Structures are given as C-alpha cells and as structure tokens.
2 protein chains.
Amino acid sequence: MSLPLPSETIFHVIESTIKEYRKFAQKNISKKVKDITIDQSMVLIFLNEHPELTQKEIAKLVFRDNASLTRMLNTMVKKKYLKRSVDNKDRRRYNIEITAKGKDILDTLPPIIHQNRNSSLKGITKNEQKQLEIILNKIKTNCLKT
Amino acid sequence: MSLPLPSETIFHVIESTIKEYRKFAQKNISKKVKDITIDQSMVLIFLNEHPELTQKEIAKLVFRDNASLTRMLNTMVKKKYLKRSVDNKDRRRYNIEITAKGKDILDTLPPIIHQNRNSSLKGITKNEQKQLEIILNKIKTNCLKT
DNA sequence: GTAATATAATTGACATATCAATTATATTTG
DNA sequence: CAAATATAATTGATATGTCAATTATATTAC
C-alpha cells in the first residue's frame, strides 16, 4: 500500500508525452529554420493572427509568466524577428510588430507544423482525440478548483 | 483550411493540463514543506527507493538532461537534502546519500502527494485513466518513431 | 598493455522559469 | 482633481534547460 513512484503515474505519462512531442516538433522545425524555438514560433503565430495581443495575453497562450515573456521577446527582438514600440493609446503597453525576417519564418512554418501534428497523431481517431481532451480537461478542472 | 492555432490543438490541452497539475501539486507541497520544488521532491523519492541510481538514470526519470540534473543536485546538496561522494567501484560516478533533513521531507511528502493525485483525478474512472494512457502512449510512440 | 573508444559527470554560454519587488502609466474614488 | 488603487511590463536574484565542449575514468581492441 505504498505510494506509486512518480514514474508509475498517469502524470508521468502526460509529461513524457508532451516532452517527446516538443522534442520531435523542435527537431523538425530546426531542419528547415535555424535558430528558432517552438515557443518563439508559437509567439510569432499568435502575433500574426492577433497583432493586438498584449504581452500578458501572449504569456498566457504559451503558458509562461510575464517576466519570462519579456525576456523571450527581448531575445526575439535581438534576433530581428520582432520590433517593439510603445503603444500611444496606453503607454504601459507595447505594440509588437513582426519584421520581414519574422514573416519569412511564418511562411516556412505551416507545412512543418502541419506535418508534425499529423504524424504525431497518426493512427489516433477523432473520437480518441475527443476522449483525450475530455479526460484531460477534467484533470485540469480538478486542479483549478481546489 | 488554414492551420489551427497552437491553442486550438490537443497538444495545447496536454501541456496546459500537466502545467496546472504541477502548479497545483507545488502549491500543496509548499504549504507543508518550505523551499522544495516538485522536481527536487521527485529526485528524493526516486533516490530513496533506488539509492544506486546514477545521475544519468535520475535525469531520465525526471525528464531532464544530465547538465540540468547536475545543477539540481548541486542545489539540493547546498540545501542539505543530499550528500555526494565518489563511487569507489567506478570513479566517474557519485554515490548520492539522502541526509536526515532529506529523510524528514520524505516522511512529510507521501500524504500530500497521495492527496494531490487523488483530488486531481477525482471523478475519473480507472477505465478513463487506462484510455488516457493508451492514447498518450500512441502519440509518444509516433514522436519517437520518425 | 597501450591507443582508441566509450561512458559519467561537469562546465560554459546562453535562454528560459519564477518569485518578489519595482517602474511607469491608467483608472477609480473620495 | 489629488490620492489610492490597479494594471502592464521590467528587473533582480536564483534555479533550471539545453547544447556543445571538456574532464576524468573505464572499457575495448589491436
């Protein structure tokens, strides 16, 4: 009746799965685009779709805290994927702009991402994906409730 | 027919779930034990059960790379949870020993961990957990194959 | 048995993670 | 409208993540 080891729990399975997916996705992105991380790619994609996002909102979308996002954006500005300028309507905020270099990457990414998602979900039915989502959301809700 | 945003994918659900679980678990641990992280707790638990583990093996169990584990162990030695000494049978390795302070923590943790796992899995049947595991393992296998 | 190779762990360099404190600006309230 | 409060983002401190290079020791092959 002793507690199962962390490695014997469902949480270990969840964590190892997402980590393997990230490694897999990063590897495939790196083959075509040097010098960008998955998270930086996601930031580009979100900003492209929703240019008006605040840093706080982006942080939430990529599961980072604000401090972390500030530093990520600093890196991305240094690498010339982004430009930042103070928002004149609310001077606490920044307008974030994707540079030509950033746009280039955005053109290259979609087929890679599509392929990543497809091949990692190969053999998994729509219904299974639905099930997966339902069960995971239950766990998440439980964690948020207490 | 454009690519769904990262936030609309199953990977986002997986990642957000494990992050919420980690936050939840960390919060509950911190209430009782100051100054230890989930990962440090896991290292303690694994070492307690399998004292002969090499750093490389521990790293794998907690999904870190060797460099990262070296630094984690340094912190844990500095905080007096662990002691390290060179292994005389293989002088490239270390024997890692849990101190009295580490043992204390190991006594405190199990009920907290038990509670964390239970309440986050509340309302989820054994069968659902099985399903979850099967589907996630398929994804993981796909990522490792290619 | 020595040279070549393999393995365990560390280190350096840099990016990210996270908390708490701080700065700068906006909004609310008395 | 001035003081109090709230919000967006940054900064400092410290830990971790990751890659590539390095150190130290073991193992293998000639």
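Basis for what follows: all heavy atoms, side chains included, without hydrogens, waters or symmetry-related copies. A quick note: this is a predicted structure, and the numbers were derived from the prediction, not measured. Quick note on labels: first sequence line is chain A, next is B, and so on, each numbered from 1.
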Take the protein atom [atom1] of [X] and the nucleotide atom [atom2] of [N], then report the distance between them rounded to whole Å.
{"X": "B:Lys60", "N": "C:dA9", "atom1": "NZ", "atom2": "C1'", "answer": "17 Å"}
{"X": "B:Asn95", "N": "C:dA8", "atom1": "CG", "atom2": "P", "answer": "15 Å"}
{"X": "A:Asn74", "N": "D:dG12", "atom1": "CG", "atom2": "P", "answer": "12 Å"}
{"X": "B:Ile38", "N": "C:dA17", "atom1": "CD1", "atom2": "P", "answer": "16 Å"}
{"X": "B:Ile96", "N": "C:dT10", "atom1": "CD1", "atom2": "C1'", "answer": "14 Å"}
{"X": "B:Arg93", "N": "C:dT7", "atom1": "CZ", "atom2": "P", "answer": "12 Å"}
{"X": "B:Lys23", "N": "C:dC19", "atom1": "NZ", "atom2": "C1'", "answer": "13 Å"}
{"X": "A:Tyr94", "N": "D:dA9", "atom1": "OH", "atom2": "P", "answer": "9 Å"}

Same apolar cluster (I L V M F W Y, side chains within < 4.5 Å links), A:Leu69/A:Val77: yes
Between A:Lys31 and A:Asn28, a side-chain donor and acceptor under 3.5 Å: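 Short answer, yes.
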B:Leu109 and B:Ile29, any side-chain heavy atoms less than 4.5 Å apart: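 They are in side-chain contact.
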Single hit among B:Leu82, B:Val43, B:Leu53, B:Asp87 for side-chain contact (heavy atoms from CB on, under 4.5 Å) with B:Ile96: B:Leu82
From A:Ile98 atom CD1 to A:Leu47 atom CG, the distance as rounded to the nearest 0.5 Å: 5.5 Å
Pairwise distance CG(B:Asp39) to CZ(B:Arg64) - rounded to 0.5 angstrom: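 Here the rounded value is 4.0 Å.
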Heavy-atom pair with the smallest gap, counting every atom of A:Ile105 and A:Tyr81: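 What the structure gives for the nearest pair is CD1-CE2, 3.3 Å.
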Strand-adjacent residues in residues 42-55 of chain A, judged by heavy atoms under 4.0 Å from DNA chain D: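 Close to the strand are A:Thr54, A:Gln55.
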Sugar-phosphate only, base, or nothing, as touched by A:Arg22 at under 4.0 Å among non-hydrogen atoms: nothing
Check: B:Thr99 side chain, B:Lys80 main-chain N or O, donor-acceptor pair, under 3.5 Å: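 Present.
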Whether B:Phe63 and A:His12 hold their rings parallel, tilted or perpendicular, with breakpoints at 30° and 60°: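 Tilted.
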Reading 5' to 3' through nucleotides 14-26 of chain D, protein heavy-atom contacts under 4.0 Å coded B for base, S for sugar-phosphate only, - for none: -SSBBB----BBS
